[in-house]
J.: 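My questions all concern the structure below.
Note on naming: letters A, B, ... go to the chains in the order of the sequence lines (proteins, then strands), and numbering restarts at 1 for each one.
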Number of protein chains: 2
Amino acid sequence: MKKGDQVVGTGSSRSDRKRAAIVAAAREVFLRHGYAGATMDDVAELAGASKVTVYKHFSDKPSLFTAVFTTAIDDVAAASRPLVDSLGDSTDIEGDLRRFARDHVVSVTAPDLVRMRRMIIAEAERFPDVAAAWHRAGPERGHRSLAEQIRKLTARGLLRATDPMLAAQNLNYLILSVPLNEAMFVVGVDPPSIRRLHRYADEAVRLFIAAYGVAACGVPDADPA
Amino acid sequence: MKKGDQVVGTGSSRSDRKRAAIVAAAREVFLRHGYAGATMDDVAELAGASKVTVYKHFSDKPSLFTAVFTTAIDDVAAASRPLVDSLGDSTDIEGDLRRFARDHVVSVTAPDLVRMRRMIIAEAERFPDVAAAWHRAGPERGHRSLAEQIRKLTARGLLRATDPMLAAQNLNYLILSVPLNEAMFVVGVDPPSIRRLHRYADEAVRLFIAAYGVAACGVPDADPA
């Protein structure tokens with residue numbers, strides 16, 4: 001329940017605090033019992049709230065689950081925001097991209113997020129809105145933020161990305177794909193070491209710079225947009 | 001049940017044909033009812049086999065499901081093998097990689113495979129062996145095949161990949177990641193057009209050549225291994 005402290009905003013009302021406590025309790029219940037096994041009763045009990053109160057905040061299990069993972073994603077996004085938002089003004093693109101990439105791969109492959117991702121994929125056909133909410137809060141928002149910085153760097157003549165959104169998507173998945181796919185399918189073994197995660201991150205940045213850097217070869221259009 | 005024809009090998013015995021018919025029926029049942037909803041009874045009925053016969057071939061639902069998706073993956077791998085195996089001898093790397101990449105993204109994002117992938121991720125915690133079998137039959141085998149060709153091209157001085165396995169993993173996920181992640185989380189909308197899939201494939205190849213091609217800039221070691 002230590003997450004409870006994080007999700008309580010400053011100056012929050014009593015109702016906000018109760019909502020945050022319910023979300024924190026729900027996170028524990030979903031991670032412990034899986035989506036199908038989790039019940040609103042378990043959540044109410046762990047949150048020290050009545051079932052009526054839980055339902056006052058969340059009309060059903062999908063919307064409670066959505067609150068759980070958007071909170072988790074928001075926490076990750078907030079932690080990495082300074083790294084991401086400063087990329088566009090960077091004077092050391094490779095170093096700053098590497099710092100972002102290393103941070104990104106470690107946060108997104110954290111065991112709790114991997115389990116939530118698996119639950120969402122599992123329920124995607126029954127609850128397409130839940131899966132779409134994850135995609136919007138996670139990859140889509142992340143790609144937009146990165147694309148904005150890539151656009152700035154291209155305008156400054158430091159990158160050459162004619163399609164900043166596609167460049168952002170490729171950067172994100174270059175960083176994440178190998179460890180994230182292994183995390184999805186290889187269960188019950190030790191998670192990869194930080195060192196191994198950083199190796200993927202560094203190679204992703206090398207590829208990105210090779211393809212989108214101004215020194216890249218084989219790119220016909222030498223003019224930044 | 002038209003898949004039945006494909007999975008029956010040439011010169012197969014009566015028992016092989018029965019096994020193939022059971023796997024083909026199971027494929028339909030799993031895709032129709034999902035993993036949890038599928039029963040051995042449904043499979044036996046659709047295959048026109050007794051339940052005893054089904055259990056003679058497959059001791060339980062996980063092993064029957066494993067046979068279904070390894071057959072599906074084997075079909076995809078067999079179809080793309082000529083494209084992959086000729087890469088090492090290519091005299092037009094960019095063109096041949098693009099042909100492979102376009103074929104690869106279209107096969108792997110086929111709706112039936114996407115649904116199987118979702119089911120496997122859903123059951124990965126309860127059946128880690130099933131998920132590991134998918135990972136071995138799919139990505140791991142694919143990466144090994146690609147790495148072998150990348151090694152050949154590096155030895156011929158046409159690519160510069162000091163770690164062919166990592167280069168293979170990056171190529172694979174550059175080709176697949178955007179459409180595959182959208183397919184996992186964005187359910188019930190039209191699948192992406194072939195044209196859009198090809199665009200991701202082409203950009204993946206451009207990045208790969210920029211980073212691992214011999215004309216790549218910013219790579220300190222100019223000697224092919």
J.: For B:E45, look at atom CD and say whether over 12 heavy atoms of other residues, nucleotides or ligands are found less than 6.0 Å away.
T.: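 It does not: B:E45 CD has 12 such atoms or fewer within range.
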J.: Examine whether an atom of B:E203 lies under 4.5 Å from a heavy atom of chain A, and if so say whether it belongs to the side chain, the backbone or both; otherwise answer neither.
T.: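 Contact with chain A involves the side chain of B:E203 alone.
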J.: For B:Y200, is it the side chain, the backbone, both or neither that has a heavy atom under 4.5 Å from a heavy atom of chain A?
T.: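 Only the side chain of B:Y200 comes within 4.5 Å of chain A.
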J.: Does any non-hydrogen side-chain atom of B:L176 lie less than 4.5 Å from one of A:Y173?
T.: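 Sidechains of B:L176 and A:Y173: no contact.
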J.: Tell me, for B:V178 versus chain A, whether the close heavy atoms (under 4.5 Å) come from the side chain, the backbone, both or neither.
T.: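 It is both, since atoms from each part get that close.
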J.: Answer with side chain, backbone, both or neither: which region of B:E123 has an atom nearer than 4.5 Å to a non-hydrogen atom of chain A?
T.: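 For B:E123, there is no contact with chain A at all, as no heavy atom is under 4.5 Å.
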J.: Without swapping roles, check the side chain of B:R206 against the backbone of A:A211 for a donor-acceptor pair under 3.5 Å.
T.: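 Judged by distance alone, yes, a pair lies under 3.5 Å.
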J.: Under a 4.5 Å cutoff for heavy-atom pairs, which residue among B:N170, B:N181, B:V130 has the most contacts with chain A?
T.: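 Winner by heavy-atom pair count: B:N181.
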J.: Distance check, rounded to the nearest 0.5 Å: A:S177 atom OG versus B:I175 atom CD1?
T.: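 CD1 of B:I175 is found 11.5 Å from OG of A:S177.
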J.: Side-chain contact, heavy-atom cut-off 4.5 Å: A:L207 with B:L174?
T.: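 In short, these two side chains touch, coming nearer than 4.5 Å.
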J.: Less than 4.5 Å to any heavy atom of chain A: does that hold for the side chain of B:L166, its backbone, both, or neither?
T.: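 For B:L166, the side chain is the part near chain A, not the backbone.
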J.: What residue in B:R117, B:Q169, B:H143 has the most heavy-atom pairs under 4.5 Å with chain A?
T.: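 Option with the greatest count: B:Q169.
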J.: Less than 4.5 Å apart, side chain to side chain, heavy atoms only: is that true for B:M184 and A:H135?
T.: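 Side-chain contact under 4.5 Å: no.
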J.: Does the side chain of B:F185 reach to within under 4.5 Å of the side chain of A:R136, using non-hydrogen atoms?
T.: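 A side-chain contact under 4.5 Å is absent here.
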J.: So what's closer than 4.5 Å to chain A heavy atoms on B:R199: side chain, backbone, both or neither?
T.: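 Side chain only.
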